[in-house]
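Hydrogens, waters and symmetry mates play no part in the numbers below; they use all other heavy atoms, side chains included. As the structure lists them, so they are numbered: ligands from 1, and atoms in each ligand from 1.
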Amino acid sequence: MNIVILLGAPGSGKGTVAGRLAAEHSNLKHVSSGDLLRGAVAKGTAAGKEAGAYMEAGKLVPDALIATMIKDVVAETTGDVTMLLDGFPRNLAQAKILDEMGAPVTHAVLIDVPDDIIQDRIAGRRTCPKCKAGYHVKNLPPKVDGICDVCGTALTIRKDDNPDTVKDRLVVYHQQTEPLIAYYRDKGILRTVDGTTGVDNVATAFLEAI
Ligand code: AMP
């Protein structure tokens, strides 16, 4: 098993690209820290109860809480698999936790999208609550309005995708997550992909980068 980290602002397309690549390539596994947390919130686990308030406010959940979840997924992933790790690490402390786990990180790919485009993307974002497929009302609409192409479930808007929370999430990204770009550049494993060229092109560029 090896790990490729996806870096990029909320709404940069990390989940869409990783989800698509994992659906197309059986050796790629998409692991989203946000999905793990939303799953825990939905199930009402102790971790989910603790995480919910941070998530609704657009803040990062405590490092130890998410690191425990990631550690479990890393431990259970074996064989000839590349894990596309989306949303973790989110700050330098988490990057160091990942290093201390001995996780075999081969690349960190930054999906680069300017903030003004991000606001518009998140405003149109729709998600399938069941299979987690992602859509956008303009850029990536489902075949039937409001319905997931994959499993037929009614699409929803994430609670933390409202404009005020998005602003807070972008501040958190610039302050806490962006320093990871230099961290992985210094390790010589940073790759950058232009995230504004459409899902197909971004997915192709991503594969080329790794
Ligand atoms: P995402 O789906 O990646 O946009 O994550 C949604 C929310 O989950 C974030 O705004 C945070 O509240 C929380 N979250 C996801 N990943 C992490 C992480 N690695 N560290 C802390 N909080 C996280």
I'd like to know whether Leu170 forms a side chain to side chain contact (heavy atoms under 4.5 Å, CB included) with Ile118, so could you lay out the CA-CA distance, the side-chain angles of the two residues, the decisive distance to 0.1 Å, and finally the verdict. CA-CA 9 Å; Leu170 280 172; Ile118 291 286; 3.9 Å; yes
Per-atom contacts of ligand 1 with Gly87, taking only distances under 4.0 Å to non-hydrogen atoms: 16 (N), 17 (C), 18 (C), 19 (N)
Arg158 pairs by side chain to side chain donor-acceptor pair (under 3.5 Å) with which of Thr156, Asn162, Asp160? Asp160
Of the backbone atoms (N, CA, C, O) and the side-chain heavy atoms from C-beta on, which set of Asp63 has a member under 4.0 Å from an atom of ligand 1: side chain, backbone, both, or neither? neither
Would you check the N or O atoms of Ile66, main chain and side chain alike, for any that come under 3.5 Å of an N or O of ligand 1? no
Side chain, backbone, both or neither: which applies to Arg38 and ligand 1 if a contact is any heavy-atom pair less than 4.0 Å apart? side chain
What protein heavy atom is closest to atom 23 (C) of ligand 1, reported as residue, atom name and distance in Å? Leu37 CD1, 3.8 Å
Using a strict cut-off of 4.0 Å, indicate which atoms of ligand 1 neighbour a heavy atom of Leu60. 21 (C), 22 (N)
Ranked by distance from atom 21 (C) of ligand 1, the top protein heavy atom is Val61 N, 3.3 Å
Ranked by distance from atom 16 (N) of ligand 1, the top protein heavy atom is Ser33 OG, 2.7 Å
Is there a path of hydrophobic side-chain contacts, each under 4.5 Å between heavy atoms of I, L, V, M, F, W or Y residues, that connects Tyr135 with Ile122? no
Is there a side-chain contact between Ile3 and Ile5 in this structure, where contact means two heavy atoms from C-beta onward sitting under 4.5 Å apart? yes
Measure the shortest side-chain to side-chain distance between Val109 and Leu6 over non-hydrogen atoms and say whether it is less than 4.5 angstrom. no
The one among Arg90, Met55, Arg169 that brings a heavy atom closest to atom 9 (C) of ligand 1: Arg90
Side chain, backbone, both or neither: which applies to Arg158 and ligand 1 if a contact is any heavy-atom pair less than 4.0 Å apart? side chain
Option whose closest heavy atom lies nearest to atom 20 (N) of ligand 1, chosen from Lys159, Gln176, Gln94, Lys132: Gln94
Heavy-atom nearest neighbour in the protein, as seen from atom 11 (C) of ligand 1, with distance rounded to 0.1 Å: Lys59 O, 3.4 Å
Any Thr106 side-chain heavy atom under 4.5 Å of Ile210 side chain: no
For a 4.5 angstrom cut-off between non-hydrogen side-chain atoms, does Leu36 reach Val73? yes
Locate the shortest heavy-atom distance separating Ser32 from Arg38; write the atom from each residue and the value. OG-NH2, 4.3 Å
